[in-house]
Amino acid sequence: MSDSVDAIFNKTKKGKALFQNRNALSTEFVPDHLPFRESQTENVAQVLSPALLGSKPSNLLLYGKTGTGKTAVATFVVHKLRTQDDTKQIVTAYVNCRLAGTEYLTLARIAEALPMDKDKRIPLTGLSLSEVSSRIFDTISKHAIHLILVLDEIDYLVESTDETLYKFTRSGEDTAPGFLTIVGISNDLRFKERLGARVLSSLGEEEIIFPPYTMEELRSILEERTKIAFRAGVIPQSTINLCAALAASEHGDARRAIDMLRVAGDVAERDGRQSVDEDSMRKASEKIERDAVEVALHSLPLQNKMIIIAASKFPGGTNTGELYLTYVNIAKKSSVEVLTQRRVSGIIAELDTLGLLEAAIVSKGRKGRTKRIKLLVDDDTLRRVIGDDAELLELH
DNA sequence: CCTCCACTGGAAACCTAGGCTC
DNA sequence: GAGCCTAGGTTTCCAGTGGAGG
């Protein structure tokens with residue numbers, strides 16, 4: 001027992017020769033220079049600069065696909081802004097609206113960044129959205145805060161209505177003498193269509209587009225990053241090239257490329273290798289794919305999991321009606337409340353956007369219209385994840 | 001060219017949990 | 001502690017709809 005533990009630790013110590021600064025590859029790491037994003041960085045800085053003189057900057061929207069540097073640029077500039085702030089009134093907050101979950105929780109996260117009075121704290125549930133908003137505005141006003149609010153994946157805040165954003169963009173009087181400026185980040189280019197004209201005109205005062213990185217740019221970014229993260233000579237050029245090529249095929253996603261680099265380093269370490277070779281990189285690419293699916297599956301609500309299980313009974317694909325019948329059987333057997341078909345149809349659409357299954361509307365003429373549904377999770381992964389779910393275990 | 005299936009997806013009503021007020 | 005209020009999830013209701021078969 002203790003021998004095997006020693007073995008693991010020894011291996012890790014030996015493998016440590018590969019990494020020099022593993023943190024440089026973590027998602028939170030913000031480099032002191034963002035290559036190929038100079039113009040966007042300057043743009044954002046330009047727009048936000050009035051805050052240093054105590055006046056309210058324009059709201060700002062950043063657009064671009066995932067991993068094109070939007071979040072990095074925003075956090076980079078906002079961080080600089082805070083360190084240069086002589087007015088001591090600037091407060092910055094970063095909230096990812098998708099990770100926050102609901103509109104309410106997004107507001108609660110914003111409040112966390114502010115010095116809320118004891119009686120103004122935000123409980124987990126129970127308040128109305130307008131009550132939460134006005135508590136936030138009151139705090140900004142009372143402490144004369146100049147809030148720079150970065151809302152990542154802002155499209156998730158507008159799923160039903162843009163009411164909250166409207167309030168935030170028109171909060172001028174409620175927050176005086178403080179103010180609040182929104183830096184919205186979206187990777188959905190159609191997001192603007194869901195905004196009413198009144199919100200769009202003030203939120204979209206300034207817009208900055210982030211194009212995907214080319215393979216050459218990715219390679220250069222990776223080279224720069226490996227110099228910080230790995231010891232010299234442990235990562236050959238061919239591995240970096242492969243990593244850049246893999247990421248470029250995924251619409252130039254730099255975050256993914258850097259993740260792969262980190263995981264490849266871990267893989268090589270665990271295998272006790274002396275360098276991060278192409279084989280480790282390929283393994284890393286697969287592992288990231290698998291892990292993403294597992295995390296998504298794991299965090300799914302019970303009902304959604306049952307629909308996935310029902311879909312797994314049809315390896316060749318199925319349609320809504322058939323899937324629903326199977327789902328009903330499974331739900332009854334495990335004595336879980338049975339949802340209506342309308343709701344199940346909605347959940348299928350949600351699972352589709354999560355990429356766990358593929359649902360395409362097809363018309364079969366006389367036989368009506370339905371969704372052709374195909375599960376994208378393989379059996380092994382499914383069993384591994386659903387396996388820990390005690391309630392679902394009963395029915396296997 | 002028309003029908004009519006098997007749904008889709010919008011809208012509104014309903015339900016539940018939990019904080020607030022008095 | 002009763003009664004009120006709201007967010008978020010769900011149900012109910014229903015007006016569409018693309019295209020194979022007639």
Side-chain angles (χ1 to χ4, degrees), chain A residues 95-112 114 116-139 151 153-168 188 190-191 193-196 296 299-308 310-311 314 316-332 334-354 356-375 391:
Chain A
V95 180
N96 182 311
C97 303
R98 180 177 54 85
L99 294 182
T102 64
E103 218 170 326
Y104 185 96
L105 290 171
T106 300
L107 294 183
R109 292 291 310 278
I110 295 169
E112 277 171 27
L114 299 170
M116 306 295 281
D117 290 341
K118 277 214 178 71
D119 60 328
K120 293 276 173 74
R121 290 270 164 73
I122 310 296
L124 283 164
T125 69
L127 299 186
S128 71
L129 288 174
S130 54
E131 172 61 23
V132 180
S133 302
S134 60
R135 285 189 188 187
I136 289 172
F137 296 159
D138 285 351
T139 306
L151 291 177
E153 308 203 49
I154 193 171
D155 30 320
Y156 283 82
L157 193 57
V158 192
E159 273 200 321
S160 41
T161 79
D162 58 10
E163 195 57 38
T164 304
L165 266 187
Y166 178 67
K167 267 208 179 118
F168 270 64
D188 179 7
R190 290 161 305 152
F191 154 69
E193 293 166 16
R194 298 212 304 272
L195 291 180
S299 57
L300 241 34
L302 181 66
Q303 294 284 8
N304 300 36
K305 279 182 186 162
M306 303 226 299
I307 290 164
I308 293 274
F314 302 96
T318 179
N319 56 46
T320 307
E322 206 175 35
L323 178 59
Y324 182 66
L325 289 178
T326 311
Y327 154 79
V328 171
N329 272 329
I330 295 175
K332 274 188 185 153
S334 47
S335 57
V336 173
E337 190 189 357
V338 180
L339 300 180
T340 56
Q341 181 161 338
R342 175 70 188 87
R343 180 64 191 130
V344 170
S345 174
I347 292 176
I348 291 170
E350 286 168 31
L351 295 173
D352 182 30
T353 54
L354 281 175
L356 293 176
L357 50 74
E358 219 168 41
I361 298 170
V362 290
S363 178
K364 294 192 282 182
R366 264 288 148 97
K367 291 183 164 178
R369 243 148 77 84
T370 181
K371 276 182 182 149
R372 184 109 274 268
I373 299 160
K374 200 156 192 292
L375 190 63
E391 211 164 339

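Lettering of chains follows the sequences in order, A, B, ..., and the numbering in each one begins at 1.
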Exercise. To the nearest Å, give me how far apart CD (A:Glu322) and P (B:dC7) are.
Key: 9 Å

Quiz prompt | N or O in side chain of A:Thr340 less than 4.0 angstrom from C:dT11 OP1/OP2 | solution = yes

Quiz item: Can you tell me how far P of B:dG9 sits from CD1 of A:Ile361, to the nearest Å?
Solution: 4 Å

Quiz item: Rounded to the nearest Å, what distance is computed from the OH atom of residue A:Tyr104 to the P atom of nucleotide C:dA7?
Solution: 10 Å

Quiz prompt | Within-4.5 Å side-chain heavy-atom neighbours: A:Arg109 and A:Cys97 | solution = no

Please produce a list of atom pairs where a protein N or O lies less than 3.5 Å from an N or O of nucleotides 19-22 of chain B.
unit_1, atom_1, unit_2, atom_2, d
B:dG19, O4', A:Thr125, O, 3.4
B:dC20, OP1, A:Arg135, NH2, 3.4

Quiz item: Roughly, in whole Å, what's the span from CG in A:Leu107 to C1' in C:dT6?
Solution: 13 Å

Quiz item: What is the minimum heavy-atom distance between A:Ala111 and A:Ile122, and which atoms define it?
Solution: CB-CG1, 3.6 Å

Practice problem: Please work out if A:Glu131 contacts a base, only the sugar-phosphate, or nothing of the nucleic acid, heavy-atom cut-off 4.0 Å. | Solution: nothing

Quiz item: Counting just side-chain N and O atoms, does A:Thr102 come under 4.0 Å of either OP1 or OP2 of C:dA7?
Solution: no

Quiz item: Is any side-chain heavy atom of A:Tyr327 less than 4.5 Å from a side-chain heavy atom of A:Leu339?
Solution: yes

Quiz item: Does A:Arg135 pair with A:Glu131 as a salt bridge, N-O distance under 4.0 Å?
Solution: yes

Quiz item: Are the side chain of A:Asp162 and the backbone of A:Leu165 linked by a donor-acceptor contact shorter than 3.5 Å?
Solution: no

Practice problem: Give the minimum heavy-atom separation between A:Ala100 and A:Thr106, together with the two atoms involved. | Solution: CB-OG1, 3.5 Å

Quiz item: In whole angstroms, how far is the P atom of C:dG9 from the CG atom of A:Leu105?
Solution: 10 Å

Quiz prompt | Integer-rounded Å distance: B:dC15 C1' and A:Glu337 CD | solution = 10 Å

Quiz prompt | Nucleic acid contacts of residues 366-373 of chain A, taken as heavy-atom distances under 4.0 Å to DNA chain C | solution = A:Arg366, A:Gly368, A:Arg369

Exercise. Spell out, as yes or no, whether a donor-acceptor pair under 3.5 Å connects the side chain of A:Thr326 to the backbone of A:Glu322.
Key: yes

Self-check item: Secondary-structure stems for DNA chain B, with pairs counted as Watson-Crick or G-U when both distances are under 3.5 Å and runs at least 3 long
Solution: B:1-22 with C:1-22

Self-check item: Check: A:Val338 and A:Tyr324 side chains under 4.5 Å, non-hydrogen atoms
Solution: yes

Exercise. Answer yes or no: does a side-chain N or O of A:Thr320 lie under 4.0 Å from OP1 or OP2 of B:dT8?
Key: yes

Quiz item: Do any N or O atoms from the side chain of A:Ser133 and from the backbone of A:Leu129 form a donor-acceptor pair under 3.5 angstrom?
Solution: yes

Self-check item: Spacing of A:Leu339 atom CG relative to C:dT12 atom P, expressed in whole Å
Solution: 11 Å

Quiz prompt | A:Lys332 backbone acceptor or donor facing A:Ser335 side chain under 3.5 Å | solution = no

Quiz item: A:Val132 near the nucleic acid: base, sugar-phosphate alone, or nothing, with a heavy-atom cut-off under 4.0 Å?
Solution: nothing

Quiz item: What is the distance from CZ of A:Arg343 to C1' of B:dC14, rounded to the nearest Å?
Solution: 15 Å

Practice problem: Go through B:dG9, B:dC7, C:dG8 for me and flag the one nearest to the A:Asn319 side chain. | Solution: B:dC7

Exercise. Would you check if the side chain of A:Gln341 reaches a backbone N or O of A:Thr320 as a donor-acceptor pair within less than 3.5 Å?
Key: no

Quiz item: Has A:Glu350 got more than 12 heavy atoms of other residues, nucleotides or ligands less than 6.0 Å from its CD?
Solution: yes

